[in-house]
Amino acid sequence: MFVGYHRLISATEGFLSSASKRNASTLPASNSNHVIPTEPRNKSSTLVDPAQLDQTLTLSDGRTLGFAEYGSPHGKPLLYFHGLPACRYEIDFHELGLRHGARIFALDRPGMGLSAFQPNRQLLDWPADVKDFTGKLGLVEYRVLGGSGGGPYSLVCAKALPKESLKGVGVLAGFAPLEAGTQGMSLRSRILWNLGRWFSGLGRLYTDWTIVPAAHHPDPKVLEELLAKTVKNNFNETDSSVFEDEKILKHAAKIVRESFRQGSQGYVQECKILTRPWGFDLREIDFPGVRLWYGDNDRHTPIQMARWMADRIEGSVLTEWKGYSHFTFTDDHTEEVYSGHS
């Protein structure tokens with residue numbers, strides 16, 4: 001699923017600049033430690049031009065790829081890969097991009113948002129789309145960051161894209177390969193994991209019966225109420241409390257609505273991709289300094305996944321946020337909390 005706003009912004013700040021080094025140091029992942037990134041102190045009223053949020057580009061094979069663009073039009077390029085279910089609306093990076101001189105692109109994956117469905121897609125197909133996209137936009141060098149379900153898409157870029165173009169790779173609370181196991185996952189997450197792996201047809205029936213009708217309903221409150229009910233019934237008290245904030249709930253509904261714009265096929269295909277073999281071994285990644293950020297109380301993409309991946313990606317750097325979960329990344333008081341652990 002999508003991940004929390006404030007921690008994602010914090011991780012991206014550290015990814016774009018060396019600002020976080022003033023308050024924290026990092027060690028190689030093999031010496032796993034808790035690193036406390038900086039937190040943006042001020043909320044900006046700077047708004048992105050709405051026209052920037054609903055762009056499309058025609059790839060070389062004729063497919064449409066949807067994307068949003070944030071930040072400085074002349075800044076250092078960063079490509080963000082959203083969670084699941086999610087889309088290019090997941091995070092408003094505009095103020096962050098302006099502050100750090102970054103040009104940030106959030107890409108819809110095939111079958112979600114504005115991106116055309118790609119039959120028989122595999123994880124290893126994604127780097128070709130990234131290469132095509134960056135080439136058509138004239139981006140000579142760029143970095144990639146994947147959140148939650150987008151994490152594997154960052155890692156496959158590290159595996160397949162040339163280092164002369166790809167200058168940084170980051171994963172925030174991202175899924176691990178099947179071999180990492182499900183230790184630390186909540187019961188619901190394990191059920192969904194195995195449903196996507198073994199019973200994708202059943203998963204599609206359920207999605208078409210529940211989520212898609214709500215996502216396509218003209219009244220946005222229908223989807224908001226479904227999300228609120230799902231969170232209350234299936235998430236622990238800590239995570240579910242995040243969605244009691246009406247703004248967060250409305251934004252989550254906006255993300256899910258756009259994710260299912262084309263129906264369920266993109267989402268179901270994505271579940272298959274993430275819960276089946278990825279087509280490469282993490283030990284094959286020859287990219288120095290892959291960054292991993294995780295909360296050690298995450299029951300959706302647990303810290304055990306992060307440590308398993310960090311042990312296999314040579315030269316990677318794992319940042320563990322003590323006490324944080326997949327959704328409490330949205331807590332406005334994270335800076336205050338973490339200052340007590342520094």
Side-chain angles (χ1 to χ4, degrees), residues 1-3 8-9 11-12 15-16 48-71 73 75-94 96-97 102-118 121-161 165-172 174-175 254-262 265-267 269-270 273-274:
M1 198 160 179
F2 43 83
V3 291
L8 181 51
I9 291 295
T12 312
F15 197 49
L16 289 173
V48 64
D49 182 348
Q52 299 290 98
L53 300 179
D54 299 317
Q55 301 187 68
T56 59
L57 177 147
T58 302
L59 298 171
S60 297
D61 65 0
R63 283 183 295 118
T64 298
L65 189 146
F67 66 98
E69 182 178 345
Y70 304 93
K76 182 184 298 183
L78 169 69
L79 275 57
Y80 176 68
F81 307 145
H82 61 71
L84 179 72
C87 66
R88 65 194 180 280
Y89 295 155
E90 185 170 77
I91 297 296
D92 182 351
F93 285 111
H94 194 56
L96 174 76
R103 187 182 184 190
I104 304 175
F105 300 92
L107 278 58
D108 286 334
R109 289 195 292 280
M112 289 170 277
L114 296 174
S115 290
F117 184 72
Q118 182 182 12
R121 180 168 66 95
Q122 299 180 14
L123 184 61
L124 284 166
D125 292 326
W126 182 244
D129 282 2
V130 171
K131 188 174 182 180
D132 200 357
F133 176 83
T134 55
K136 288 183 181 298
L137 267 67
L139 307 179
V140 178
E141 296 181 352
Y142 52 89
R143 301 181 183 191
V144 298
L145 174 67
S148 193
Y153 290 87
S154 278
L155 294 177
V156 75
C157 286
K159 163 68 172 64
L161 289 176
S165 299
L166 185 62
K167 296 302 180 181
V169 176
V171 175
L172 178 64
F175 281 108
K254 177 183 177 181
I255 294 168
V256 173
R257 177 183 289 272
E258 181 64 15
S259 178
F260 288 96
R261 167 194 282 258
Q262 302 176 53
Q265 62 178 356
Y267 171 74
Q269 182 188 60
E270 184 97 335
I273 289 171
L274 297 183

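Note that the structure is predicted; figures quoted are calculated from it, not measured.
For the pair Arg121 and Glu270, the salt-bridge criterion is met [side-chain N within less than 4.0 Å of a carboxylate O].
With rounding to the nearest 0.5 angstrom, the CD1 atom of Ile104 is 10.0 Å from the NE2 atom of His94. Note that CD of Glu69 is 11.0 Å distant from CG of Leu107, once rounded to the nearest 0.5 Å. Between the NZ atom of Lys136 and the CG atom of Leu65 there is a distance of 11.0 Å, given to the nearest 0.5 Å.
Shown here is Lys167, whose NZ atom has more than 12 heavy atoms of other residues, nucleotides or ligands within 6.0 Å. Remark: Gln122 CD is loosely packed, at most 12 non-hydrogen atoms of other residues, nucleotides or ligands lying under 6.0 Å away.
Looking only at distances, no side-chain donor or acceptor of Arg63 sits under 3.5 Å from a matching main-chain atom of Phe117. Ser259 places no side-chain N or O within donor-acceptor distance of the main-chain N or O of Met112, the cut-off being under 3.5 Å. Judged purely by atom type and a 3.5 angstrom limit, Thr134 uses its side chain to pair as donor or acceptor with the backbone of Val130. No donor-acceptor pair under 3.5 Å is formed between the side chain of Glu90 and the backbone N or O of Ile255. Proximity of a side-chain donor or acceptor of Gln269 to a complementary backbone N or O of Gln118 within less than 3.5 Å is detected. With hydrogens and angles ignored, the 3.5 Å screen pairs no side-chain donor or acceptor of Asp132 with any backbone N or O of Leu59. Side chain of Gln262 to backbone of Ser115: a donor-acceptor contact under 3.5 angstrom is found. Checking side-chain atoms of Asp108 against main-chain N and O of Arg88 turns up a donor-acceptor pair under 3.5 Å.
Looking at every heavy atom in both residues, Ser148 comes nearest to Gly83 through CB-CA, 4.2 Å. Taking both residues in full, the closest heavy atoms of Ser154 and Gly146 are given as OG-N, 2.8 Å, listed atom of the first, atom of the second, then distance. Nearest heavy-atom pair across Pro152 and Phe175 is CG-O, 3.7 Å.
Two residues are said to be in side-chain contact when any heavy atoms from C-beta on lie closer than 4.5 Å; Glu258 and Arg261 meet this criterion. In this structure the side chain of Leu114 never reaches within 4.5 angstrom of the side chain of Gln55, judged on heavy atoms. Between Lys76 and Arg143, some side-chain heavy-atom pair lies under the 4.5 Å cut-off. Residues Leu145 and Leu79 are not in side-chain contact: their nearest non-hydrogen atoms beyond the backbone lie 4.5 Å or more apart. Phe133 is listed as a side-chain neighbour of Phe105, based on a closest heavy-atom distance under 4.5 Å. Side-chain contact between Thr56 and Phe67 is absent, with no heavy-atom pair separated by less than 4.5 Å. You'll find the side chain of Leu124 reaches within 4.5 Å of the side chain of Val156, heavy atoms only.
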Begin with the C-alpha distance, continue with both residues' side-chain angles, and end with the deciding distance and a verdict on side-chain contact (heavy atoms from CB on, under 4.5 Å) for His82 and Arg109. CA-CA 8 Å; His82 61 71; Arg109 289 195 292 280; 3.6 Å; yes
side-chain contact (heavy atoms from CB on, under 4.5 Å) between Tyr142 and Leu161: does it pass, once the steps are laid out? CA-CA 11 Å; Tyr142 52 89; Leu161 289 176; 3.5 Å; yes
Let's go through Leu166 and Cys157 carefully: what are the C-alpha distance in whole Å and the side-chain angles of both, what is the deciding distance for side-chain contact (heavy atoms from CB on, under 4.5 Å) to 0.1 Å, and is it a yes or a no? CA-CA 8 Å; Leu166 185 62; Cys157 286; 4.3 Å; yes
Kindly determine whether Tyr80 and Tyr70 satisfy side-chain contact (heavy atoms from CB on, under 4.5 Å), including the steps that lead there. CA-CA 11 Å; Tyr80 176 68; Tyr70 304 93; over 6 Å; no
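A donor-acceptor contact closer than 3.5 angstrom is absent between the side chains of Tyr153 and Asp129.
Under the salt bridge (charged side-chain N to carboxylate O under 4.0 Å, His left out) criterion, Lys159 pairs with Glu284, sequence neighbours left out.
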